[in-house]
Every structure is written in structure tokens, then in C-alpha cells.
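Below you'll find the structure, written out as C-alpha cells, and then a few comments.
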Amino acid sequence: MKLMTWNVNSVRSRLQRLVAVLDRHEPDVVCLQELKGIEEVFPREAIEAAGYYAAVYGQKAYNGVAILSRTEPERIVRGMGDEDPQARLIAADIRDVRVLSAYVPNGSEVGSEKYQYKLAWLKRLTAHLAAEYSPDDKVVLCGDFNVAVDDADVRNPAKWADSVLCHPTVRDALESVRAWGFVDVFRKHHPAGGVYSWWDYRRLGFQTDDGIRLDHVYATASLAAESTAADVDRDERKGKGASDHAPVVVTFEDRH
DNA sequence: ATGGCATAATTGTTATGA
């Protein structure tokens, strides 16, 4: 199974690139974030024409997550079963794997209300996982976590040290999610770090390789043991009309 | 300290991102 996660930064404005990415990589499952629109404006026909089912959790203007799949997604669940109106989590069974696509809040600035919401969201996610799943299941949590787990994933650590992406409090909150029962699958294949998935549109972020790895694939141990490769499609960040995030692609060996 | 750039909702400007 080939799995991709990508923050597309508007699925409508990125549609041509998304279809090209699907053609290029032929993933079995794709977790998308930042759709930036309600489900009614999701480009379902184009995605289906490319050969994919789509489970969509949209919202006006902001956020929005989806799971695309070659096979029909089952047991689709939007959100965490509470009253939060922000569309940031969708889950579905893809064959025998529970797949979750997550868009963790950015947090704006350390100490702000949005930062508190980010920390609380990660805490809610940990509780949700504990309530709904077992680390013994085959579960993969993918998405834009808006957290660099350590400085090996940051090209210029000093510059980002006090940011909402690298602050110790948010790293601790993400570590609590991971400690529920996940392996950082990308890290398994790139133990030394130095591979990034996001570059700021501003200040020549990509041109100067001022990158950070924010997009993660967290799999439970039995599933993580089956991964054979993990890579960032850095070329997708190039040129006019790119998302500020590049796709992350992970391959798991087939069990059947 | 601020802005840089991109997108949506909306038509001039604001909210948000990371």
C-alpha cells in the first residue's frame, strides 16, 4: 500500500497539481488537509475521474480534511464526536487499516488563545485515540501536525525555536499523541533528519531551503513494521502555483 | 518591529496561515 499525506492549501486552487500528483505517484490512499471549502465545492468529479473515492469533511473558507482511496472507504467518521465546529479530523477504514487525516491547529503565537486551542486539540486527540482505538490495531494517523518533533527536522532551528511549530510545550503535546502507540514512520527511514515538508512562501523560504518537517505519518507498531520507504516529493514544491507543503509518500509492503 | 506571500470570501479589505 502506498500512502500519501499532503496539505494542499485549497483543493480547488490546487486541483490540476493534485491530479498530476495522483497520476505521478499512483498512491492507494491520500490524506489531504486545508481543503478550504465546504464539501459541496469539493472537486469530486475530477477526483473520481482520476480513479479515487473521496471521504470529505469540509468547512467554509478554512481547514477541511479528506481521505482519497482506490477502494471504497468505510466507517467514515468526521471530527472527534464533540461540538468543535472546525473540520480538522476525518477517519475511515481502508481495507484493514484505520486511516486518520488530521490538520492540527497552527496556534498563531505562543501564549495566544489559538495556541491554547492547539495544545487542547492535541490533548483531545490523545483522549479520542485512547477511547476509540487500540495500539494493537492497524492505525495510521497522517497529516499536517504543525509541529517539528525535533531540531533535526528544522533547517534553521534557532530561528524557529520559540515559534508555535517548535516550542517545548507543543512538542510535549505531540509526544503524548505519539506515546499512545505510534511510530514516526518517516523518522524510521530518515533517522538523521534533514528532510523537510514545508517552506514559507515568504522570505524565499524554498529557495533558501528554510524548511521544516511538519507533515507526519504515525503508524501503530504492527503497521509501521511493514513500511519500506518514506519520501518527500520536493519537486512538487517548485514553480508557480505550488502549495507551501510538499507531499509525503510512504510505502507499506503488501500483506496479501 | 515589520513585512514578505498565498488563499477565501468579497470587490477593498480582513482573517488566517506557519
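Predicted, not measured: the structure shown is a model, and the values here were computed from it. Here is the naming used below: chain letters follow the sequence lines, and residue numbers restart at 1 for every chain.
Note: A:Tyr103 and A:Phe145 fail the aromatic proximity criterion, with ring centroids not under 6.0 Å apart. Taking the six-membered ring for Trp and the full ring otherwise, A:Trp160 and A:Trp198 have centroids separated by under 6.0 Å.
Rounded to whole Å, the separation between the C1' atoms of B:dA18 and B:dA6 comes to 12 Å. Using C1' as the reference atom, B:dT11 and B:dA1 are 31 Å apart when rounded to the nearest Å. Taking atom C1' on both nucleotides, B:dT16 is separated from B:dG3 by 16 Å, rounded to a whole Å.
Listed by residue number, A:Tyr103, A:Asn106 are the residues of residues 102-112 of chain A with a heavy-atom contact under 4.0 Å to DNA chain B. Only A:Leu165, listed by number, bring a heavy atom of residues 152-166 of chain A to less than 4.0 angstrom from any atom of DNA chain B.
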In a table with atom names and distances, give each donor-acceptor pair under 3.5 Å that connects a side chain of residues 50-61 of chain A to protein atoms at least two apart or in another chain.
| from | atom 1 | to | atom 2 | distance (Å) |
| --- | --- | --- | --- | --- |
| A:Tyr52 | OH | A:Pro27 | O | 2.6 |
| A:Gln59 | OE1 | A:Asn63 | ND2 | 3.2 |
| A:Gln59 | OE1 | A:Ala87 | N | 2.8 |

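Atom CG in A:Asp215 sits about 13 Å away from atom C1' in B:dG17, given to the nearest Å. Look at CZ on A:Phe206: it is 17 Å from P on B:dA18, rounded to the nearest Å. A:Glu34 places its CD atom 13 Å from the C1' atom of B:dA15, with the value rounded to the nearest Å. Per the geometry, CH2 belonging to A:Trp199 stands 17 Å off C1' belonging to B:dG17, to the nearest Å. Look at CD on A:Glu113: it is 11 Å from P on B:dT16, rounded to the nearest Å.
Between A:His245 and the phosphate of B:dA18, there is a side-chain N or O to OP1/OP2 separation shorter than 4.0 Å.
The pair A:Asp93-A:Arg75 counts as a salt bridge, with a side-chain nitrogen and a carboxylate oxygen less than 4.0 angstrom apart.
A:Arg213 comes within 4.0 angstrom of no nucleic acid atom, judged by non-hydrogen atoms across all strands. A:Asn7 comes within 4.0 angstrom of the backbone, heavy atoms only, and of no base. Counting any heavy atom pair closer than 4.0 Å across all strands shown, A:Leu204 reaches no nucleic acid atom. Among the atoms of the strands shown, only primed sugar atoms or phosphate atoms (P, OP1, OP2) are found under 4.0 Å from some heavy atom of A:Asp144.
Enclosure of atom CG in A:Asp209 by more than 12 non-hydrogen atoms of other residues, nucleotides or ligands within 6.0 angstrom is indicated. Residue A:Gln86 places its CD atom among more than 12 non-hydrogen atoms of other residues, nucleotides or ligands, all under 6.0 Å distant.
With hydrogens and angles disregarded, a donor-acceptor distance shorter than 3.5 Å links the side chain of A:Ser69 to the backbone of A:Thr71.
In this structure, A:Glu26 CD and A:Met4 CE are separated by 10.5 Å, a value rounded to the nearest 0.5 Å.
Looking at A:Asp215 and A:Tyr196, their side chains never bring a donor and an acceptor atom within 3.5 Å of each other. A:His167 and A:Thr169 form a side-chain donor-acceptor contact under 3.5 Å, judged by distance and modelled atom types alone.
Pairs engaging residues 40-50 of chain A under the side-chain hydrogen bond (donor to acceptor under 3.5 Å, both in side chains) rule: A:Glu39-A:Arg44 [sequence neighbours left out]. Listed by first and then second residue, the salt bridge (charged side-chain N to carboxylate O under 4.0 Å, His left out) pairs that reach into residues 163-174 of chain A are A:Asp151-A:Arg171, sequence neighbours excluded.
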With 3.5 Å as the limit, what N/O pairs link the protein to nucleotides 5-9 of chain B?
| from | atom 1 | to | atom 2 | distance (Å) |
| --- | --- | --- | --- | --- |
| B:dT7 | OP1 | A:Arg14 | NH1 | 2.9 |
| B:dT7 | OP1 | A:Arg14 | NH2 | 3.1 |
| B:dT7 | O3' | A:Ser10 | OG | 3.3 |
| B:dA8 | OP1 | A:Ser10 | OG | 2.4 |
| B:dA9 | OP1 | A:Ala61 | N | 3.3 |
| B:dA9 | OP2 | A:Arg12 | NH2 | 3.3 |

